[in-house]
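Data first, discussion second: the structure below is written as structure tokens.
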Amino acid sequence: MSLNVNVVSGTRLKSVAGEYLTFKLGAEEYGLEILKVQEIRGYDAVTQIANTPDFIKGVVNLRGKIVPIVDLRIKFNLGNVEYDEFTVVIILSLNHRVIGIVVDGVSDVMALNEAQIRDVPSLVTNIDTKYIVGLATVEEKMLILVDIERLMTSGDMALIDDAIE
């Protein structure tokens, strides 16, 4: 069975094309805009905060700044979450806030052009498709491109102020 997926319209596609940091969550490979990435660190102990959702692991002190740490594997209901030597935290700079996201591993930085990016088909997935800006194909790999800023400003996350439109 094949999916018929249309290319994203020209204006939106141009804004989606660019460089992406690719990372793994479970069996899937995701990408987020490289310009949102401040640094990549190994997973370290966090200070837990009472009465926060499960996916917010806690906070860390990063050079004097208190940074919330979100485990995207828990947020996206990806089953058993284990922390090992490949688990990393991607430190993001979003709308003047610094946030860390826990992922299973970082893969690469890829430059994606309009021809490689497709619109998101309406499927039932583990992640709400409003946070996905497109699907990219690179050689034999499929990448799920995430609008990380939109995800972090969503009502259930509320970690940063509304995204600048």
Side-chain angles (χ1 to χ4, degrees), residues 3 16 19-110 112 117 120-163:
L3 293 173
V16 173
E19 288 194 331
Y20 286 81
L21 176 69
T22 61
F23 58 92
K24 289 188 109 22
L25 284 176
E28 301 301 326
E29 194 127 1
Y30 293 80
L32 61 87
E33 281 183 82
I34 191 70
L35 295 176
K36 310 271 187 211
V37 177
Q38 183 174 307
E39 66 183 271
I40 300 167
R41 307 168 52 90
Y43 183 78
D44 214 358
V46 298
T47 302
Q48 293 183 330
I49 305 291
N51 299 319
T52 57
D54 288 346
F55 59 83
I56 299 180
K57 297 305 294 177
V59 295
V60 296
N61 185 336
L62 183 65
R63 293 181 291 282
K65 247 187 176 160
I66 302 303
V67 178
I69 303 296
V70 174
D71 194 324
L72 287 186
R73 301 169 305 177
I74 296 170
K75 172 68 179 146
F76 295 161
N77 298 315
L78 294 178
N80 231 2
V81 174
E82 292 184 28
Y83 298 92
D84 59 26
E85 68 273 11
F86 300 110
T87 305
V88 296
V89 176
I90 302 171
I91 304 295
L92 304 168
S93 180
L94 304 173
N95 200 15
H96 310 293
R97 277 293 298 273
V98 178
I99 297 170
I101 58 171
V102 180
V103 299
D104 290 324
V106 171
S107 305
D108 205 354
V109 174
M110 293 186 177
L112 300 174
I117 302 170
V120 182
S122 55
L123 300 171
V124 177
T125 63
N126 287 340
I127 176 175
D128 191 335
T129 55
K130 69 183 171 205
Y131 308 125
I132 301 176
V133 292
L135 298 174
T137 49
V138 180
E139 295 162 12
E140 298 297 311
K141 284 195 282 192
M142 177 76 68
L143 292 174
I144 301 167
L145 303 179
V146 178
D147 183 340
I148 198 71
E149 199 155 352
R150 180 176 283 173
L151 175 62
M152 293 299 159
T153 57
S154 66
D156 62 331
M157 296 286 263
L159 286 173
I160 60 175
D161 298 329
D162 288 339

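We number each residue from 1, following the sequence as shown.
- Note: Ile34 CD1 to Tyr20 OH = 11.5 Å, rounded to the nearest 0.5 Å.
- Under the 4.5 Å side-chain criterion, counting only non-hydrogen atoms from C-beta, Val88 is in contact with Val103.
- Between Met152 and Asn95 the shortest side-chain heavy-atom distance does not fall below 4.5 Å.
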Problem set entry | From CA spacing to verdict: side chain to side chain contact (heavy atoms under 4.5 Å, CB included), Val98, Leu92 | CA-CA 6 Å; Val98 178; Leu92 304 168; over 6 Å; no
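- Remark: Leu143 CG to Ile117 CD1 distance equals 9.5 Å, nearest 0.5 Å.
- Summarising the geometry, atom OH belonging to Tyr30 is positioned 13.5 Å from atom OH belonging to Tyr131; distances are rounded to the nearest 0.5 Å.
- Between Val106 and Ile90, some side-chain heavy-atom pair lies under the 4.5 Å cut-off.
- The environment of Asp54 atom CG is sparse: at most 12 non-hydrogen atoms of other residues, nucleotides or ligands sit within 6.0 angstrom.
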Could you go through residues 35-48 and list every donor-acceptor pair under 3.5 Å that involves a side-chain atom there, pairing it with any protein atom two or more places apart or in another chain?
unit_1 : atom_1 : unit_2 : atom_2 : d
Lys36  : NZ     : Glu149 : OE1    : 2.6
Glu39  : OE1    : Arg41  : NH1    : 3.4
Glu39  : OE2    : Arg63  : NH1    : 3.4
Glu39  : OE2    : Arg63  : NH2    : 2.3

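- Using modelled atom types, one finds a donor on one side chain and an acceptor on the other under 3.5 Å when comparing Tyr83 with Asp71.
- What you find for Glu82 and Thr87 is that their closest heavy atoms are O-OG1, 3.7 Å.
- Proximity of Lys57 to Val70: side-chain heavy atoms (C-beta onward) are nowhere separated by under 4.5 Å.
- By the 4.5 Å heavy-atom criterion applied to side chains, Leu112 and Val138 are counted as neighbours.
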Show me the donor-acceptor pairs, under 3.5 Å and distance only, between side chains in residues 21-29 and residues at least two apart or in other chains.
unit_1 : atom_1 : unit_2 : atom_2 : d
Thr22  : OG1    : Asp108 : N      : 3.0
Thr22  : OG1    : Asp108 : O      : 3.1
Glu29  : OE2    : Ser107 : OG     : 2.7

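- Inter-residue side-chain proximity for Ile148 and Leu94 is flagged as met; some heavy-atom pair is nearer than 4.5 Å.
- Rounded to the nearest 0.5 Å, atoms CD1 (Ile101) and CG (Leu32) are 5.5 Å apart.
- With rounding to the nearest 0.5 angstrom, the CD1 atom of Ile132 is 9.0 Å from the CG atom of Leu145.
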For this session: Show the numbers, then the answer: is there a side chain to side chain contact (heavy atoms under 4.5 Å, CB included) between Val59 and Val67?
Result: CA-CA 5 Å; Val59 295; Val67 178; over 6 Å; no
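- Of all non-hydrogen atoms in Val89 and Gly100, the two that sit nearest each other are CG1-CA, 3.9 Å.
- Between Ile99 atom CD1 and Ile56 atom CD1 the span is 9.0 Å, to the nearest 0.5 Å.
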